[in-house]
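Heavy atoms only: backbone and side chains are in, while hydrogens, waters and symmetry mates are out. Each chain gets a letter, A, B and so on, in the order its sequence line appears, and its residues count up from 1. Given the structure is predicted, the values throughout are model-derived calculations rather than measurements.
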2 protein chains.
Amino acid sequence: MYEPPPATLAAPESLPVPTMGSGEPLLQRLASEFGSLRKSERKVAVMVAENPEFFMHSTMAAVAEAAGVSEPTVMRFCTSLGFDGFQSFKINLAQTLALGIPATHSAINDDDSIPELTTKIFDHTLTSLDRARRNLDTRQIESAVAMLVTASNIIFIGFGASGIVAQDAAQKFPLFGVPCLAPIDAHQQFMAASSSTPGTVLVVISNTGRTKPLIEMARQAKRNGASVIAIAGGDAPLLSETDVNIVVKTFDDTDFYTPTVSRLAVLVVIDILATSVATGRGPEHLGRVRAMKHDLTSFRNGD
Amino acid sequence: MYEPPPATLAAPESLPVPTMGSGEPLLQRLASEFGSLRKSERKVAVMVAENPEFFMHSTMAAVAEAAGVSEPTVMRFCTSLGFDGFQSFKINLAQTLALGIPATHSAINDDDSIPELTTKIFDHTLTSLDRARRNLDTRQIESAVAMLVTASNIIFIGFGASGIVAQDAAQKFPLFGVPCLAPIDAHQQFMAASSSTPGTVLVVISNTGRTKPLIEMARQAKRNGASVIAIAGGDAPLLSETDVNIVVKTFDDTDFYTPTVSRLAVLVVIDILATSVATGRGPEHLGRVRAMKHDLTSFRNGD
DNA sequence: ATTTATCGGTAGTATTACTACACAAGTGAT
DNA sequence: ATCACTTGTGTAGTAATACTACCGATAAAT
């Protein structure tokens, strides 16, 4: 007769998530795993969600009292989420709180005061940048840098907010060390892509990665033998047309009030690329950059 | 005979800094107050500076052992810096570490690997944005918003990186609800400032606040009765020529490797301004913005 | 309705942070 | 140079806190 597999299989591992923070923000996880919590543990969960600051500075006894449960329940709550204990949880909570209350917990309302709005937007920005950092694949960056240091010229293209980012990138041409172009209108962009050569690197910036004209330009550049780097917010049609893909994950701008934070994250990525390329080009190149910066200061002040 | 003043005067208040984080980053303070620490406490200080992660996850006994001092010394170290105790210090340390190791502790070297460089730049960016947030005066924002909601048209100007920021700001004109201009070259900028009217609001973006042509443009706009808002990195000549000054403090880009993070902070401030103005204009305006966003998505995908 | 498994609290224990005290080292004055 | 005195550091003890083992209650399943 058939024997069912041993019951121990029912408890493989409580949580694959490591104890310290490389995963999703804590309060996010709290919401998603709320269903798998016990009734009394949920009381603790809502307490920490409503008043994380208090939790952070309190002892177990105080938390237990405030949530209306016993101390071991608080303890179980912490271990249920995969932490070593109360202290470990508190430390982790402090970490996420440093970036501000995550966006999902603080949507922007019409009647928010300016100070409220200020903190909310900063919180959202910092949390999103943190997310981008955690999800960034440095190998992609490495490939991109390798491509850029051997480039004879670089073209940055993008529409809307990404177009501004492209402008910013092109302005860093002293760091890249080769001529940089960032045409603004669609026709000029296509012309640039179309007249690219095998030495050209085309950097396509698109948050959605679905903008059709950009995909077309990427194809055109590749036909000319150019290398194409895509910087996008996630999996998208564009990424299958390119040589290197840098995925910059932020929090989706579901609420239309919340400003597009993705462009900030992309700007940071550009910073990383530019700096990496500059250091990769050796000391004499850096000397030229330094001299340029110095001269610019004089020019700016009108000396 | 002369009696010296009572000795109690020698200990007025240990530290004016509040226990929780509104001041400078912790590791920064550690460096600046290192001199006023006792010999054994300094051992603890260097330990936490070298290996903050370890400190964060350890007990007092472990830290004492690692630093080669006794537990009370660790305790005194915490209180000397103005914290309630060991726990309080640990929580605060975790907070600062969440943003990454601050810039001053991790200057960029020529031989840094790409992953190293990535974390360093992200850390620097996040820390700087956090600093900008803490030092931002919301009353200045409020004044600026009050000015912008009554504007009939808005002009954004800036040079270099700030010029890009101006472009980005102008692109948010749907949120501002009035025509926005962001001329690129100096002559066009001056012409725009010169042809401004009392309904015009001129937003001058300059990190240094010393760029002479910009100051001249601000003067010109004021002569025409326009209102002028300055967004700058600190006290500077420009600020005495304007109606409202928004100071965005980041970390000075002393090292020329470190990319200019100030522009990112200013972008966030622009986000705040745009969102505030949009909500301030009432629901029917927001409805139009929402419709516009929806239509843009269709256009983008070429449907 | 009874058994069984899951859940929550009470009581106890081992750590851990914190404090009071005493010794040592450095400093200034007689 | 020696002595009083301040300052700094460690030892020993205490109160608290986090964590654990156990048992009663409650809900679920048969």
Enquirer: Grab the CZ-P distance between B:Phe77 and C:dT19 for me, whole Å please.
Expert: 17 Å
Enquirer: Between C:dC7, D:dT9, C:dT16, which one does the side chain of A:Arg38 approach most closely?
Expert: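 Nearest listed nucleotide: C:dC7.
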Enquirer: To the nearest angstrom, how far is A:Leu37 atom CG from C:dT6 atom C1'?
Expert: 15 Å
Enquirer: Between B:Arg263 and A:Asp271, does at least one N-O distance fall below 4.0 Å, as a salt bridge requires?
Expert: yes
Enquirer: Which nucleotide, C:dA17, C:dG9, D:dG10, lies nearest any side-chain atom of A:Ser70?
Expert: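 Ranking C:dA17, C:dG9, D:dG10 by closest atom to the A:Ser70 side chain puts C:dG9 first.
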Enquirer: In this structure, how many angstroms lie between the P atom of D:dA12 and the CD atom of B:Glu71, rounded?
Expert: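 Nearest whole value for this atom pair: 13 Å.
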Enquirer: To the nearest Å, give me how far apart CE (A:Met60) and C1' (C:dG8) are.
Expert: 13 Å
Enquirer: Out of C:dG8, C:dA17, D:dA18, which has the shortest distance to the side chain of B:Phe86?
Expert: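 Among the listed nucleotides, the one closest to the side chain of B:Phe86 is C:dA17.
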Enquirer: Over how many whole Å does the gap from A:Ile91 atom CD1 to C:dA17 atom C1' extend?
Expert: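 That distance rounds to 14 Å.
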Enquirer: Once the angle between the rings of B:Phe77 and B:Phe55 is folded into 0 to 90°, is it parallel (under 30°), tilted (30 to 60°) or perpendicular (over 60°)?
Expert: tilted
Enquirer: In terms of side-chain heavy atoms of A:Arg76, which of D:dT11, D:dT17, C:dG9 is nearest?
Expert: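 Selected nucleotide (nearest to the side chain): C:dG9.
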Enquirer: How many Å lie between CE on B:Met75 and C1' on C:dT16, as a whole number?
Expert: 12 Å
Enquirer: For the pair made of NZ in A:Lys90 and P in D:dT17, what is the distance, rounded to whole Å?
Expert: 10 Å
Enquirer: Compare side-chain N and O positions of B:Thr73 against OP1 and OP2 of D:dG10 and report whether any pair is under 4.0 Å apart.
Expert: yes
Enquirer: Counting N and O atoms only, with roles assigned by atom type, does the side chain of B:Thr96 sit under 3.5 Å from a partner on the main chain of B:Leu93, one being a donor and the other an acceptor?
Expert: yes
Enquirer: Could you say whether A:Thr59 or B:Val69 is positioned toward the 5' end of DNA chain D, judged by the nucleotide with the nearest heavy atom to each?
Expert: B:Val69
Enquirer: Hey, is A:Lys120 close enough to A:Asp123 for a salt bridge, meaning N to O under 4.0 Å?
Expert: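 A salt bridge is absent here (no side-chain N lies under 4.0 Å from a carboxylate O).
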Enquirer: May I have the distance from B:Gln87 (atom CD) to D:dA18 (atom P), rounded to whole angstrom?
Expert: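 My rounded result for the distance is 7 Å.
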Enquirer: Indicate whether OP1 or OP2 belonging to D:dG8 is found under 4.0 Å from a side-chain N or O atom of B:Ser40.
Expert: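 The answer is no; no side-chain N or O of B:Ser40 sits under 4.0 Å from OP1 or OP2.
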Enquirer: Identify whether the distance between the nearest side-chain nitrogen and carboxylate oxygen of B:Lys249 and B:Asp137 falls below 4.0 Å.
Expert: no
